[in-house]
Amino acid sequence: MHAIEQRPLYWETLTWEDAGRLRDSGAGLCLLPVGATEQHGPHLGLGMDSRNAALLCEAVSRETGAPILPALNYGCSLGHSRRWPGTLSLQPQTLMDVATQIFDWLYNSGFKKLLIVNGHVGNAAPLRCAVDLIRSRYDDAMARVCNVAEISPRVRAEFFADAEDWHANAAETSLMLALAPEMVRPGKLSISDDEDRTANLVFTHPVNHTSKNGVTGSPSRATREQGEKLFRFMVEDMTTLVRRAEKEKAPLEQSYFSPIE
């Protein structure tokens, strides 16, 4: 007989009684997928980052039982400029505020650990600031930003294989070929490659100054098989991280708010 696959646990499907029982069971850790709605070249859909983060959280929830909070499908995409239609960006402060306020209410429900699964590079800084705000408000809270492309060394190697400043590249395209093929325009792959122009630069630059078509990397190299392998790495390594996080305690129990005497 085949084992019954565990379903992802979606926060929005819970009743308040379900949420209370989940809290009382000791399940104090939640996953928050955060993505973006932004241009991904001529060959990938605008929701690539959101889809990637959400699918990863679903797979990890199946493995661990960790509840998935409703995804944030808007992010800080200011770096993608207004050159290409479709990008819908939040200001950094807005994203910080939203993430922090979500945790305020999560904590009030009795859940004190949050892993923010971030699918968009531009979200990393405001989300990291949100984590600092959370930790400054709640002494017993634990929060972390898990950037999808840097979950582990082997995942990072796949994402950075064709460009250091990658975007809509072979890795992202391969993932969508494997997981959400409706997000890919296969007829555009052979003409969507664009080189990484950021080597040896002092400053970071918006994408309109570094890419001709919104791409950095080689989506023409993408394959479904590569995407399947990469996603397996992501799920395995994120699952390991979640299981460690569920058990983790602070190394020292010293108050954030009480000065040393």
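Residue numbers count from 1 along this sequence.
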Keeping [X] on the side-chain end and [Y] on the backbone end, is there a donor-acceptor pair under 3.5 Å?
X: Thr87; Y: Gln39; answer: yes
X: Ser136; Y: Leu133; answer: yes
X: Asp104; Y: Tyr107; answer: no
X: Ser218; Y: Ser220; answer: no
X: Asp194; Y: Lys212; answer: yes
X: Lys113; Y: Glu248; answer: yes
X: Asn169; Y: Phe159; answer: yes
X: Ser50; Y: Ala36; answer: yes
X: Gln6; Y: Ser61; answer: yes
X: Ser211; Y: Val207; answer: no

Heavy-atom closest contact ([X] atom, [Y] atom, distance):
X: Thr13; Y: Asp18; result: O-OD2, 4.3 Å
X: His40; Y: Glu172; result: CD2-OE1, 3.4 Å
X: Ala130; Y: Ala99; result: CB-CB, 3.9 Å

Inset, instruction - Please name the residue in the list Val34, Leu106, Leu31 that meets the side-chain contact (heavy atoms from CB on, under 4.5 Å) test with Leu69. - result: Leu106
Legend entry - Within 45° cone of Phe160 ring axis and under 6.0 Å: Arg156 NZ or CZ: yes
Inset, instruction - For residues 123-132, pull every pair meeting salt bridge (charged side-chain N to carboxylate O under 4.0 Å, His left out), keeping only residues two or more places apart or in separate chains. - result: Arg128-Asp132, Asp132-Arg135
Inset, instruction - Identify, with sequence neighbours excluded, every residue that meets side-chain hydrogen bond (donor to acceptor under 3.5 Å, both in side chains) alongside Asn52. - result: none
Inset, instruction - Examine the side chains of Gln93 and Asp97 and answer whether a donor and an acceptor come within less than 3.5 Å of each other. - result: yes
Inset, instruction - Verify the ring-centre separation between Phe111 and Trp105: is it less than 6.0 angstrom? - result: no
Inset, instruction - Report the C-alpha separation of Glu225 and Lys229 in whole Å, then their side-chain angles, then the decisive distance to 0.1 Å, and conclude whether the salt bridge (charged side-chain N to carboxylate O under 4.0 Å, His left out) test is met. - result: CA-CA 6 Å; Glu225 292 74 18; Lys229 180 184 77 170; over 6 Å; no
Legend entry - Any residue meeting side-chain contact (heavy atoms from CB on, under 4.5 Å) with His205, in chain and number order, not counting sequence neighbours: Leu201, Phe203, His209, Thr210
Inset, instruction - Would you mind checking if Glu182 and Arg51 are paired as a salt bridge, meaning a charged N to carboxylate O distance below 4.0 Å? - result: yes
Inset, instruction - Give the C-alpha distance, both sets of side-chain angles, the deciding distance and a yes or no for side-chain hydrogen bond (donor to acceptor under 3.5 Å, both in side chains) between Thr173 and His43. - result: CA-CA 8 Å; Thr173 305; His43 67 289; 3.0 Å; yes
Legend entry - Residues, nucleotides or ligands: over 12 heavy atoms within 6.0 Å of Arg154 CZ: yes
